[in-house]
Number of protein chains: 2
Amino acid sequence: MPVIEKVRAPSRRKPRVAAPLPLDTILRGDCVAAMKALPDASIDCIFADPPYNLQLGGELFRPDGSHVDAVTDDWDRFDTFAAYDRFTRAWLKEARRILKPNGTIWVIGSYHNIFRVGTAVQDMGFWILNDIVWRKSNPMPNFKGTRFTNAHETLIWASMGEKARYTFNYRSLKTLNDELQMRSDWEFAICSGAERLKGEDGHKVHPTQKPEALLYRVMLAATHPGDVVLDPFFGTGTTGAVAKRLGRRFIGIEREEAYIAAAEARIEAALPLDESLLRTMQAPRNAPRVAFGTLVENGMIAPGAVLTDAKRRWRVTVRADGSLAGDGGEGSIHKLGAAVQGAPSCNGWTFWHIEAEGGLAPIDTLRQQWLLATQP
Amino acid sequence: MPVIEKVRAPSRRKPRVAAPLPLDTILRGDCVAAMKALPDASIDCIFADPPYNLQLGGELFRPDGSHVDAVTDDWDRFDTFAAYDRFTRAWLKEARRILKPNGTIWVIGSYHNIFRVGTAVQDMGFWILNDIVWRKSNPMPNFKGTRFTNAHETLIWASMGEKARYTFNYRSLKTLNDELQMRSDWEFAICSGAERLKGEDGHKVHPTQKPEALLYRVMLAATHPGDVVLDPFFGTGTTGAVAKRLGRRFIGIEREEAYIAAAEARIEAALPLDESLLRTMQAPRNAPRVAFGTLVENGMIAPGAVLTDAKRRWRVTVRADGSLAGDGGEGSIHKLGAAVQGAPSCNGWTFWHIEAEGGLAPIDTLRQQWLLATQP
DNA sequence: AAAGATGCTGAATCTCGAT
DNA sequence: TATCGAGATTCAGCATCTT
């Protein structure tokens, strides 16, 4: 391909460049039009709760905002699905443009729309990381007894592509779940009581207000403090309220003035958490690295010391450079641990032990002591 | 449109007429070809467990170094989403033809394929009645800590069209569920132990054998005794074994001779109406486990709240992710409780206390309040 | 004999930064 | 962009062995 092609290719459209982001504000209007005004690769996370009243006799809007009539016969059914698909791909296209390369997108829906959304997400190059089930502890019963009680909704979580990086605060979520990995099924009550926004008439302001606990978990899992979270179907602003509480920035897009007014009042009243409380558990992955040799250099462990595995099956000697030597060969704590086990890899910190008061202790305890003594 | 069109339209192909159905047998071959040999509108219910198109990468090892036996069979490999979609629509087309007008179809899948299946189901004119979540009580963990534990699969249940009638044994399901309406989230263990078919080498016969309890509930809900249930991806015949137990007829389609042999032996050994299975399904696994983080997410306790032990020797602060932070370090209620005491373990629920009316109260009282408020 | 210890396994899109 | 090496990473259920 001639060089000139390489130069021309990226300029097919004018990239939106660094205009300041409208942080912590609600943009009024159509979500596609509003997203078009935002710069490329500027958003860390998108949470989207698109309309999915496709088959309920409710309203469906085409990308241009025009109304699609509820219809029942086959031809029109196809037309309705096709219109919904066009709408979905239109807003997903802009969402993809404004997301950073390491950003992620969340979309929530029910069986009426989530399969179409998921197919579009995959077709557009996003890479699904998980589907999450929100189990409702108090769903509306199926009054007619004609089907199973519709007791859940589905969220799709996707990165920008198969190789894309993304934020997942594994350690925080595990802590949140009492030291068990967080699963793909989450249980929350539907939004009601004091949390549910009511108008002056006592009637609910928005028909599908999401519980703050749901957004809380989403943001805790997939964003860092200070990250920008965009919600293109902002409604009454659950995303904004939780973002403020959790020290994230938000951008909302909403077309209904009544929802915007309710959201603004609600977010104004939300209280941000103290920053120290937000500091999520520091993942070991992000903890300062300590080489085993550092411990040797600093006298935490002497050259010549003998290490074994927890069951004393293997026995090795520490050398002056922090390498190990024994029957199984020689090498770093990790390499030799893997070698003696015949395993592809091994965490030497937890595999190798040293004789201590009260029995064997993993050498990782020495590292922890070192970190405690040297970290501010 | 001219009248002749209406007359000609149905005769474009020759309808398959009443050949006797191959009841309670397994047809060997490709599912589309085998279905083409069956007559129109002859099947009451279809249960389909198609390939999931997992798109797995390299090898995966557990933290202990052992190897994960993944699904790498040829039948699960598709080059593109488009190829998978063609495959899906081809078998769904025949499924639709052979289903009776009042029949229903079930399809099970994971996030890798279920959105594409659901879209095809809707596009072809089926009417989704429910999506059902199979919550696995014992899923495989996410060994690398990169995502949420993939702890569920999704089933789609659909009728032949919006106005179509269908079988739903509401009363049976409600009885099965202790007089509560059966919900759209079902909990079962994955298929293991004695139920899991093993070869002479002790290795599993089929990589993705489904639990009989799942099929039991599906058939109990959506078929009558004597109904014909077709499974186009029969595998080792869970559908056939359960059909025999419940007094339904089955037709299986399977390509692999080894699976067919295992299925035939299994179905031969199955006993009709094993009441013990019914009883095990009725026993609700109601051991509600509440994570401390749940109380934080739901506002039972605020980030920033101060906890102490019963004698106020240690003092810690609750953070946004449900972890605690204080002089002794940081961690979950259990880990930090153990750390400050220098103990190997600790029950944080009874160790940590919060200031309440009338003095300190263990945080377990908050858990009890939460359970009271949320349990039926 | 009972209780505890050990080992194996399940539809899984499973690391990251430096060079 | 590919390669290399450090080092982080698991839950429930069942079968079998040990004390």
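From a predicted model like this one, the values you see are computed outputs, not experimental measurements. A, B, ... follow the sequence lines: proteins, then strands. Residue 1 opens every chain.
- Among the heavy atoms of the strands lying under 4.0 Å from A/Arg367 are primed sugar atoms or P, OP1, OP2 only; no base atom is included.
- Note on B/Asp49: a base of the nucleic acid sits closer than 4.0 angstrom, heavy atoms only.
- In this pair, A/Trp186 and B/Phe148 present their aromatic rings perpendicular. The plane angle is above 60°, beyond the 30 to 60° band.
- Counting non-hydrogen atoms under 4.0 angstrom, B/Asp76 reaches a base of the nucleic acid.
- The glycosidic torsion of C/dT15 lies more than 90° away from 0, placing the base in the anti range.
- Using a 4.0 Å heavy-atom criterion, one finds that B/Lys198 contacts no nucleic acid atom at all.
- In this structure, B/Phe143 forms no aromatic stack with the base of C/dC14, since the conditions of centre separation below 5.5 Å and plane angle below 30° are not both met.
- In this structure, of D/dA6, C/dA11, C/dG10, it is C/dA11 that holds the atom nearest to the side chain of B/Trp75.
- Within a 6.0 Å radius of CG in B/Asp79, other residues, nucleotides and ligands contribute 12 heavy atoms or fewer.
- Counting only heavy atoms from C-beta on, B/Leu54 has its side chain closest to C/dA11 among C/dG10, C/dA11, D/dT10.
- Closest to the side chain of A/Gln181, out of C/dT15, C/dA11, D/dT10, is D/dT10.
- For DNA chain C, runs of at least 3 consecutive pairs of the Watson-Crick or G-U wobble type, with both hydrogen-bonding distances under 3.5 angstrom, map to C:2-10 with D:11-19, C:15-19 with D:2-6.
- Taking atom CZ of residue A/Arg183 and atom P of nucleotide D/dC11, one finds them 11 Å apart after rounding to whole Å.
- B/Trp134 comes within contact range of no nucleotide atom at all, as no heavy-atom separation falls under 4.0 Å.
- Of the two residues near DNA chain D, A/Ser332 and A/Tyr170, the one whose nearest nucleotide lies more 5' is A/Ser332.
- Of the P atoms belonging to D/dG7 and C/dC14, the separation is 23 Å, rounded to the nearest Å.
- Distances shorter than 4.0 Å separate none of the side-chain N or O atoms of B/Lys204 from OP1 or OP2 on C/dA11.
- Within 4.0 Å (heavy atoms only), A/Asn347 reaches at least one base atom of the nucleic acid.
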- Item | Pair A/Arg183-A/Asp185, salt bridge (Lys or Arg N to Asp or Glu O under 4.0 Å): steps then yes or no | CA-CA 6 Å; A/Arg183 298 167 38 116; A/Asp185 54 327; 2.8 Å; yes
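- Nearest to the side-chain atoms of B/Leu60 among the listed nucleotides D/dT9, C/dA11, C/dA12 stands C/dA12.
- Scanning atom types as modelled, one donor and one acceptor separated by under 3.5 angstrom connect the side chain of B/Lys210 and the base of C/dA11.
- When the C1' atom is compared between C/dC8 and D/dT10, the two are found 13 Å apart, to the nearest whole Å.
- The nucleotide whose nearest atom lies closest to any side-chain atom of B/Asn142 is, among C/dT13, C/dC14, C/dA11, C/dC14.
- Counting to the nearest Å, the P atom of C/dA12 and the CZ atom of B/Arg77 are 16 Å from each other.
- Atom-to-atom, CZ of B/Phe188 to C1' of D/dA12 comes out at 17 Å; the value is rounded to the nearest Å.
- When distances are taken from the side chain of A/Lys335 to each of C/dA11, C/dT13, D/dA6, the shortest belongs to D/dA6.
- Counting any heavy atom pair closer than 4.0 Å across all strands shown, A/Glu162 reaches no nucleic acid atom.
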- A/Val121 vs A/Leu92, side chain to side chain contact (heavy atoms under 4.5 Å, CB included): CA-CA, chis, key distance, verdict: CA-CA 7 Å; A/Val121 162; A/Leu92 278 176; 3.9 Å; yes
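- A cation-pi arrangement is absent between B/Arg255 and B/Trp75, since the terminal nitrogen or guanidinium carbon is not both under 6.0 Å from the aromatic centre and inside a 45° cone about the axis.
- The structure places CG of A/Asn177 at 7.0 Å from CZ of A/Arg217, a figure rounded to the nearest 0.5 Å.
- There is a side-chain donor-acceptor pair under 3.5 Å between A/Thr119 and B/Thr119.
- Each of A/Tyr166 and A/Asn130 has a nearest nucleotide on DNA chain C; the 5'-most of these lies closest to A/Asn130.
- The side chain of A/Arg289 lies closest to D/dA6, out of D/dA6, C/dA12, D/dT10.
- Contact annotation: A/His334 reaches the phosphate of D/dG7 (side-chain N/O to OP1 or OP2, under 4.0 Å).
- When atom types are taken as modelled, the side chain of A/Asp227 and the backbone of A/His224 share a donor-acceptor pair closer than 3.5 angstrom.
- With DNA chain D read from its 5' end, the first of the two nearest nucleotides for A/Leu180 and A/Phe292 is the one closest to A/Phe292.
- Within 4.0 Å (heavy atoms only), A/Lys163 reaches no atom of the nucleic acid at all.
- Across all strands shown, B/Pro50 has heavy atoms under 4.0 Å from base atoms, whether or not it also approaches the sugar-phosphate.
- Rounding to whole angstrom units, CD1 of residue A/Ile363 and P of D/dG7 are separated by 10 Å.
- Under a cutoff of 6.0 Å and an axis angle of 45°, B/Arg116 and B/Phe81 form a cation-pi pair.
- Using a 4.0 Å cut-off, no side-chain N or O of B/Asn53 falls inside it from OP1 or OP2 of C/dT13.
- Nucleic acid contact for B/Ser110: none, since no nucleic acid atom lies under 4.0 Å from a heavy atom of the residue.
- Closest to the A/Lys311 side chain, of the nucleotides C/dT13, C/dT6, C/dA12, is C/dT6.
- At a cut-off of 3.5 angstrom, the base of D/dT9 holds no donor-acceptor pair with the side chain of B/Arg62.
- If you take CG of A/Asp178 and P of D/dC11, they are 12 Å apart, rounded to a whole angstrom.
- For the C1' atoms, the distance linking C/dC16 with D/dT1 amounts to 16 Å, nearest Å.
- Taking the six-membered ring where tryptophan is involved, the planes of B/Tyr84 and B/Phe78 are perpendicular, since the angle between them exceeds 60° and thus also 30°.
- Distances from the side chain of A/Arg165 to the nucleotides C/dG17, C/dA11, C/dA12 place C/dG17 closest.
- For the pair B/Arg266 and B/Glu212, the salt-bridge criterion is met [side-chain N within less than 4.0 Å of a carboxylate O].
- Nucleotides D/dC17 and C/dA1 are separated by 15 Å at their C1' atoms, to the nearest Å.
- No donor-acceptor distance shorter than 3.5 angstrom exists from the side chain of B/Gln209 to the backbone of B/Cys191, with no hydrogens or angles considered.
- Remark: P of C/dA12 and CG of A/Asp131 are 14 Å apart, rounded to the nearest angstrom.
- Protein atom CE of B/Met140 is 18 Å distant from nucleotide atom P of D/dC14, rounded to whole Å.
- Using a 4.0 Å heavy-atom criterion, one finds that B/Gly58 contacts the bases of the nucleic acid, with or without backbone contacts as well.
- In this entry the distance linking CZ of A/Phe168 with C1' of D/dA8 reads 14 Å, nearest Å.
- For B/Arg196 against D/dG13, no side-chain N or O and base N or O form a donor-acceptor pair under 3.5 Å.
- In this structure, B/Cys191 reaches neither bases nor backbone, as no heavy-atom distance under 4.0 Å exists between it and the strands shown.
- In this structure, the nucleotide among C/dA11, D/dC11, D/dG7 sitting nearest to the side chain of A/Ser345 is D/dG7.
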